[in-house]
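See below for the structure under consideration.
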Amino acid sequence: MKYNQYAYQETSYSDQIKELEEINFLPDNWQDSSISDLFETLVENAIVEAKTYGAKKAKLAEFAVNSQTSLTDFLATNPTKVPNKAFYNVALQLLGYHVGYDYDLDDPFKRMEQNALPYFEKEDFDKDDIIKAFYRLLNTRAKNGQTFIDVMAGKGYFTQFYGNDKFMYFNGKSLPTFDMTKVIREVVYVESDLDTDNDGKPDLLQVTVFRPFQSNNFQFPALYTADPYFGGIIANEARNHNVDVNLQDSVKSSYPEYQAMPTAKAAKPSSEDQASTEEAVHKAAYTLNEYLLARGFANVYSGAIGTRGSDGLRITGAPEETESAKEVIEWLHGDRIAYTDRTRQHETKASWCNGNIGMTGRSYLGTLQIAIATTGVAGLKTVVSEAAISSWYDYYREHGLVVAPEACQGEDLDMLAETCQSNLWDAGSYLKIKPEFDAMQKRLLTKADRETGQYSDFWDARNYRHHLDNVKCSWISVHGLNDWNVKPKNVYKLWQKISKLPIKSHLFLHQGPHYNMNNLLSIDFTDLMNMWFCHELLDLDNNAYDQWANVMIQDNLEADIWHEEPTWSNALGSQVTYFPQKDGDLLKDGGENKNKVSFTDVGGKVFKEAKISEAQWEYEFICGKEKWQDQQLRFISDEFIHPVTIVGRPEIQLRVSSSLAKGQISVALVELADRKRLTPTPKFYRDEIQELGYRFGTQFMQEFVPDKLTHAKLITKAHMNIQNYADMKHAKEITPDTFYDLKFKLQPTFYRMPINSRLGLIIYSTDQAMTKRPLESETYTIDLEHTQLHYSQM
């Protein structure tokens, strides 16, 4: 496994010395020391767990410089030079590698090359070389995935600086010099301009703050996570909508409009600034935030309207949600009033905040970052938006159909609103809110239109991409290429616009489903974010903007390969066209192909009888298990004789007829080959634990690894309502057994096809995991003469 390291900043020798001296690692009198004494001192400084000189010296005997000599014995010879092999044997031991298990003392460089650990090739080190090598070692990722200086921090190295009223930096990143045992944990109440519960008063929004105690003395930046789940969730899967229903005639659907909620003007801030009177009882919800809290970035959480401790209603995706979440930033920036408690008698200010706010979070939390950024709110400097929805239509609908997120069949806007309406947990709030909540649930269900899945003004108001021109902050998006919850086109469509704005933007694409990536072994994402936030929120000149490529994409064959690309679009490759044949071949040269082929969809009937999970159905379906073959058309290419990469959004055009005056078509691209593929979710390395700070918190490292042999892998797919054949936004009547031309794009991808694999195109109707599962059978006929698959290939 390569431990890729993109956050290391090249630093001049003079700056290396300065930084090492500032953290008390390099002694002031180092120039007067012998090579032997200097080497001994630096190793002893790195042995943080030993707290006295005697204890450190005794520890030296536990290290070896070669297969015959311990470090203690080597130093006793008073060497005038340090062989690089001796240095790196000791270095690997400091990094947590074990002799005889992880590497051989006769060849330390083999392990270093396997893990892509940097080293200097000069045969013998003088004093300058030792300093340079130790500086690089402190910035080298240890066996547990953290840089060695962070490993030292987890053992308490930086406790010597606790109480200092300043930030300390090393290699362009903030150090954990803030005492986490003295964190201030407080709750305040921001007053909104909304009145979503219709009680005639501005909604109060509960905000939880975790900040270093030194923030009473000088100002800190804030990392704000707009988290609708922070106050808890109301789990009610039993109430998910029934998807075992027939398709409806989409032409008869209404065109629901967005309906604004009541407003109520908040008071203007005065000069009063009282301390909060309520202590936070919740814990921080995101390890990346906690890691950065120890490094001086205050953590701020708020669920906003409808969540526990706040007034109002959840209205999934509505402008009111954006407004309420944005108002927390206005308070942090000094532009909005907040109170010490719910009585609204005494004001409290974020006087501890330097006015620079960044945002973090995944899924709904990342979604609200997009929403807030499109307002252009003052103070928001950057967002790191993970697995985020950029259009709620693209989350719950697709091409005129009701299409569920993965593992969420039957969920919709109303059910997600109920999940997050955690202020119902408090009995007093329940009595006040429940009638308004019930009415809102009915409005959401009606306007979301589960009958047909057509686009409307209601959905248009929940499309944040319309407002991206208002974005003023820098941008980082993170998404899983196998995320079938928040499907990849949410970030793809977003990136096509964000990357063209006059802001700095980056995109990370990993191989996971709906996952974070801050603890993946193959990339130093946490360090990158430390560098990024130092630049954006602390104005540190650390080259963060040019430190790594615009787009970083994790490989699907080898997880430790990260492709560095200028962008993510079809333009990265050249177009390839395939033609499906009646005999099941998928050819680049279609020739004369005037055949028509049919299949009969039986909705969810066979799936129900099989009594298997949706995930098991998908695997059996794409593998072509006999039980599912008569419900699909399969077209398979020849084996690839060299690797190719499918990039961007494939497109299908096909001519189809249906036996009913309605219908849904699904298309999937799959890779077919018997081989060991990466695990669907990353494997946890229980013995590789990262410390977030000193005795503060930990997280396990994880990575995708080769797993058991499988026969097929889904690359991408898409679904479409046949009644939208002429217009993606408006349905038209169709006549049974009449052919219509469909043309639509699949979810975007970046997928490397290995040698000897084959590409499969599957045309089907009911997707048991995502679409409705009709109760009636329907026959679909495909005219192959007018059916083609297009994609971009690198």
Side-chain angles (χ1 to χ4, degrees), residues 182-197 201-232 264-286 289 293 297-312 321 323-361 365 368 372 377-380 422-423 426 429:
K182 298 181 180 179
V183 170
I184 297 170
R185 305 169 185 272
E186 60 188 357
V187 172
V188 304
Y189 292 87
V190 170
E191 191 168 65
S192 173
D193 285 335
L194 299 168
D195 179 19
T196 57
D197 54 16
K201 296 185 295 185
D203 291 339
L204 283 182
L205 312 173
Q206 188 184 82
V207 179
T208 298
V209 178
F210 305 112
R211 55 186 174 93
F213 79 93
Q214 290 99 322
S215 58
N216 286 332
N217 303 326
F218 71 104
Q219 293 182 319
F220 285 71
L223 291 181
Y224 166 43
T225 302
D227 183 0
Y229 309 121
F230 188 65
K265 196 67 177 174
K268 294 288 186 183
S270 71
S271 59
E272 185 182 23
D273 184 12
Q274 297 287 326
S276 169
T277 57
E278 187 174 334
E279 185 177 9
V281 293
H282 293 311
K283 295 181 179 179
Y286 187 26
N289 287 3
L293 176 60
F297 296 87
N299 292 185
V300 179
Y301 294 91
S302 179
I305 50 173
T307 59
R308 198 169 192 187
S310 298
D311 296 330
E321 278 195 348
E323 174 63 22
S324 68
K326 178 200 70 162
E327 289 169 337
V328 175
I329 292 181
E330 292 175 337
W331 171 68
L332 290 168
H333 194 250
D335 306 322
R336 179 167 290 275
I337 194 170
Y339 298 101
T340 59
D341 56 47
R342 294 191 59 86
T343 64
R344 309 187 199 224
Q345 292 182 357
H346 298 289
E347 295 178 37
T348 185
K349 300 185 185 303
S351 50
W352 51 265
C353 181
N354 68 358
N356 294 333
I357 299 100
M359 293 193 71
T360 62
L365 292 61
L368 286 168
I372 294 169
V377 61
L380 181 58
S422 53
N423 62 11
D426 293 316
S429 295

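Just so it is clear, the values below take in all heavy atoms, side chains as well, and ignore hydrogens, waters and symmetry mates.
In this structure, the separation between CG on Asn356 and CG on Leu332 is 11.0 Å, given to the nearest 0.5 Å. To the nearest 0.5 angstrom, Asp203 atom CG is 7.0 Å from Ile305 atom CD1. In this structure, OG in Ser324 is found 6.0 Å from CG in Leu194, a value given to the nearest 0.5 Å. The structure places CH2 of Trp331 at 10.0 Å from CD1 of Ile357, a figure rounded to the nearest 0.5 Å. A distance of 8.5 Å separates CG of Asp195 from CG of Asp311, quoted to the nearest 0.5 Å.
Using a distance-only test at 3.5 Å, with no hydrogens or angles considered, no donor-acceptor pair links the side chain of Ser192 to the main chain of Pro202. Thr348 places a side-chain N or O within 3.5 Å of a backbone atom of Gln274 that can act as its donor or acceptor partner. Side-chain atoms of Trp352 do not come within 3.5 Å of backbone N or O of Pro212 as any donor-acceptor pair. For the pair Glu347 (side chain) and Pro269 (backbone), a donor-acceptor distance under 3.5 Å is absent. Formation of a donor-acceptor pair under 3.5 Å by the Gln219 side chain with backbone atoms of Cys353 is found in this model. A side-chain donor-acceptor contact under 3.5 Å links Asn423 to the backbone of Gly312. Formation of a donor-acceptor pair under 3.5 Å by the Thr277 side chain with backbone atoms of Thr340 is found in this model. No side-chain donor-acceptor contact under 3.5 Å links Tyr224 to the backbone of Leu380. When atom types are taken as modelled, the side chain of Ser302 and the backbone of Gln206 share a donor-acceptor pair closer than 3.5 angstrom.
The aromatic rings of Phe230 and Tyr301 sit parallel to each other, their planes meeting at less than 30°, with 60° as the upper class boundary.
Minimum heavy-atom separation, Asn354 to Pro221: OD1-CA, 3.3 Å. In plain terms, the two heavy atoms of Thr307 and Pro228 that are nearest each other are CG2-O, 3.5 Å. Closest non-hydrogen pair, Ile184 versus Phe213, comes out as CD1-CA, 3.8 Å. When all heavy atoms of Ala280 and Val187 are compared, the closest pair comes out as CA-CG2, 3.7 Å. Glu323 and Arg336 get closest at one heavy-atom pair: OE2-NH2, 4.3 Å. Across every non-hydrogen atom of Glu191 and Tyr339, the tightest pair is OE1-OH, 3.4 Å.
Put simply, the residue from Thr208, Val207, Val209 that forms a side chain to side chain contact (heavy atoms under 4.5 Å, CB included) with Glu186 is Val209.
Inspection of the Asp227 and Tyr286 side chains reveals no N or O donor paired with an N or O acceptor under 3.5 Å. Checking Thr225 against Asn289 by side-chain atom types alone, a donor-acceptor pair falls below 3.5 Å.
Comment: Lys326 does not engage Asp193 in a salt bridge, judged by the lack of any side-chain N to carboxylate O separation of less than 4.0 angstrom.
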*Mind running salt bridge (charged side-chain N to carboxylate O under 4.0 Å, His left out) on Arg342 and Asp426 for me, showing each step along the way?*
CA-CA 14 Å; Arg342 294 191 59 86; Asp426 293 316; over 6 Å; no
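Residues Ile329 and Met359 are in side-chain contact: their nearest non-hydrogen atoms beyond the backbone lie under 4.5 Å apart. For the pair His346 and Glu272, the minimum side-chain heavy-atom distance is below 4.5 Å. Under the 4.5 Å side-chain criterion, counting only non-hydrogen atoms from C-beta, Arg211 is not in contact with Val183.
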